[in-house]
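Working notes for the structure below.
This is a predicted model, so every value here is computed, not measured. Here is the naming used below: chain letters follow the sequence lines, and residue numbers restart at 1 for every chain.
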Number of protein chains: 2
Amino acid sequence: MQITSKFTAAVHILTCIEVFGGEMRVTSDFLSGSTGVNAVIVRNVLGQLREAGIVETRQGSGGAHLAKPTSEITLYDVYRAVECTDDTGLFRFHENPNSKCPVGRNIHKVMDGRLEAAQAALENELKLTTLAEVVADTKKIIEEE
Amino acid sequence: MQITSKFTAAVHILTCIEVFGGEMRVTSDFLSGSTGVNAVIVRNVLGQLREAGIVETRQGSGGAHLAKPTSEITLYDVYRAVECTDDTGLFRFHENPNSKCPVGRNIHKVMDGRLEAAQAALENELKLTTLAEVVADTKKIIEEE
DNA sequence: AAAGTTGTAACATTGTTTGTTTCAACTTTC
DNA sequence: GAAAGTTGAAACAAACAATGTTACAACTTT
């Protein structure tokens, strides 16, 4: 079980938009070339990032742009945007615990809070990194190459 | 994307072994009845818990037992035992970033450490809860019913 | 020997993820 | 306003993963 690669792809996409956006039009085709991800998937991801208010895209003219400063976009924002977890959270419960069993009918009460805490720990860590840092690190490595 | 339900099932199973182990033989059939999980899956989970040194089982005689005190079994131990994540970690990378693109060939270097930190945050949170606490909470709720 | 249990393999089913094809709607440029 | 390039989106396909099912050998106890 792993978190969808759309998440790392989305970070990659946003980094490209910031790094290359000044000098060229960053289209889904270009992003597909850089990420190795199918262009339609790229457009899906861009659509989710757009709904989350992270990027702006336009039909026809082409080229994606960031909708806000890189310092205001965290990895958590991206994680949420691509819906790495659904409404029921990161952990999945076995579906039919037996309500006739004392353990079965109470396991949810005992575990739910702890699972939410673990999920929150992950998410809080993702909130600590902004796209600005990712872009800065990337540019630094490129310069040193 | 969600973490396999084998994890919550495993916690459920271990709780049952501790709660009911004193008064009866806790077989895979009984555990299947309490969890609502297929008996063969239960045996698979028990097999993984056995390999991890968490439970003891024996062919023929039947009935699972804990291999160490509940205070020495954390949710993280269970999480590891059922292999919620493979060797490549919780996050999955898109597979073919383009090495000809400056961003594509460096995105791993920039992201890997941060993804590992996020994963570690989740795992560290899971280390904070022991099976002893889960069992104690469960017994308390049962008594109050 | 009989009954019940575990361990395991093989297969089936279901659901999810990713990729592909297709095309309408849109924008820019000529 | 026609042509070219692009996005948005739907429908479908392929690959993969998770869970369930069937079957049976090996084992233990009675």
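- Atom-to-atom distance recorded for A/Arg43:CZ and A/Leu31:CG is 11.0 Å, nearest 0.5 angstrom.
- Distance A/Ile3 CD1 to D/dA17 P: 16 Å, rounded to the nearest Å.
- Taking every heavy atom of both residues into account, A/Ser34 and A/Cys16 meet most closely at OG-SG, 3.4 Å.
- If you measure from atom CD1 of B/Ile13 to atom P of D/dT19, you get 12 Å, rounded to the nearest angstrom.
- Here D/dT19 presents its C1' atom at 14 Å from NE2 of A/His94, a figure rounded to the nearest Å.
- If you take CG of B/Leu31 and P of C/dT5, they are 12 Å apart, rounded to a whole angstrom.
- As rounded to whole Å, 13 Å separates atom P of C/dT5 from atom NE2 of B/His65.
- Going from atom CZ of A/Phe93 over to atom P of D/dA18 covers 18 Å, rounded to whole Å.
- Residues in residues 93-107 of chain A take part in these salt bridge (charged side-chain N to carboxylate O under 4.0 Å, His left out) pairs, two or more places apart or across chains: A/Arg105-B/Glu145.
- Look at A/Thr57 and you'll find a side-chain N or O under 4.0 angstrom from OP1 or OP2 of D/dG8.
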Subject >> Pair A/Arg80-A/Glu123, side-chain contact (heavy atoms from CB on, under 4.5 Å): steps then yes or no >> reply: CA-CA 9 Å; A/Arg80 290 302 293 224; A/Glu123 295 177 352; 4.3 Å; yes

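- Between B/Asp29 and A/Ser5, the residue whose closest nucleotide on DNA chain C is further toward the 5' end is B/Asp29.
- Taken from CG in B/Asp77 to OG1 in B/Thr129, the straight-line distance is 11.5 Å, to the nearest 0.5 Å.
- The phosphate of C/dG4 (OP1 or OP2) has no side-chain N or O of B/Arg25 nearer than 4.0 angstrom.
- Under the 4.5 Å side-chain criterion, counting only non-hydrogen atoms from C-beta, A/Phe7 is in contact with A/Leu75.
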Original post:
Run the side-chain contact (heavy atoms from CB on, under 4.5 Å) check on B/Ile41 and B/Thr35 step by step: do they pass?
Top reply: CA-CA 11 Å; B/Ile41 307 292; B/Thr35 59; over 6 Å; no

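- Phosphate proximity of D/dA18 to A/Arg92: absent, as no side-chain N or O sits under 4.0 Å from OP1 or OP2.
- Other residues, nucleotides and ligands place more than 12 heavy atoms under 6.0 Å from the NZ atom of B/Lys127.
- Whole-Å rounding puts the B/Glu95 CD to C/dG19 P distance at 8 Å.
- In a base pair of the Watson-Crick type (N1 to N3 plus N6-O4 or O6-N4) or a G-U wobble (N1-O2 and O6-N3), with each distance short of 3.5 Å, D/dT19 is matched with C/dA12.
- Taking the side chain as every heavy atom from C-beta outward, A/Val103 and A/Val110 never approach each other to under 4.5 Å.
- Nucleotide C/dT17 holds its C1' atom 12 Å from the CD atom of A/Gln48, rounded to whole Å.
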**OP:** Sugar-phosphate means primed atoms, P, OP1 and OP2; the rest is base. With that split, encode nucleotides 24-30 of chain C 5' to 3' as B, S or - using protein heavy atoms under 4.0 Å.
**Re:** --BSS--

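- Near DNA chain C, defined here as any heavy-atom distance below 4.0 Å, the residues from residues 32-47 of chain A are A/Val37, A/Asn38, A/Val40, A/Ile41, listed numerically.
- Set against C/dG7, D/dA9, C/dT17, the side chain of A/Thr4 has C/dT17 as its closest nucleotide.
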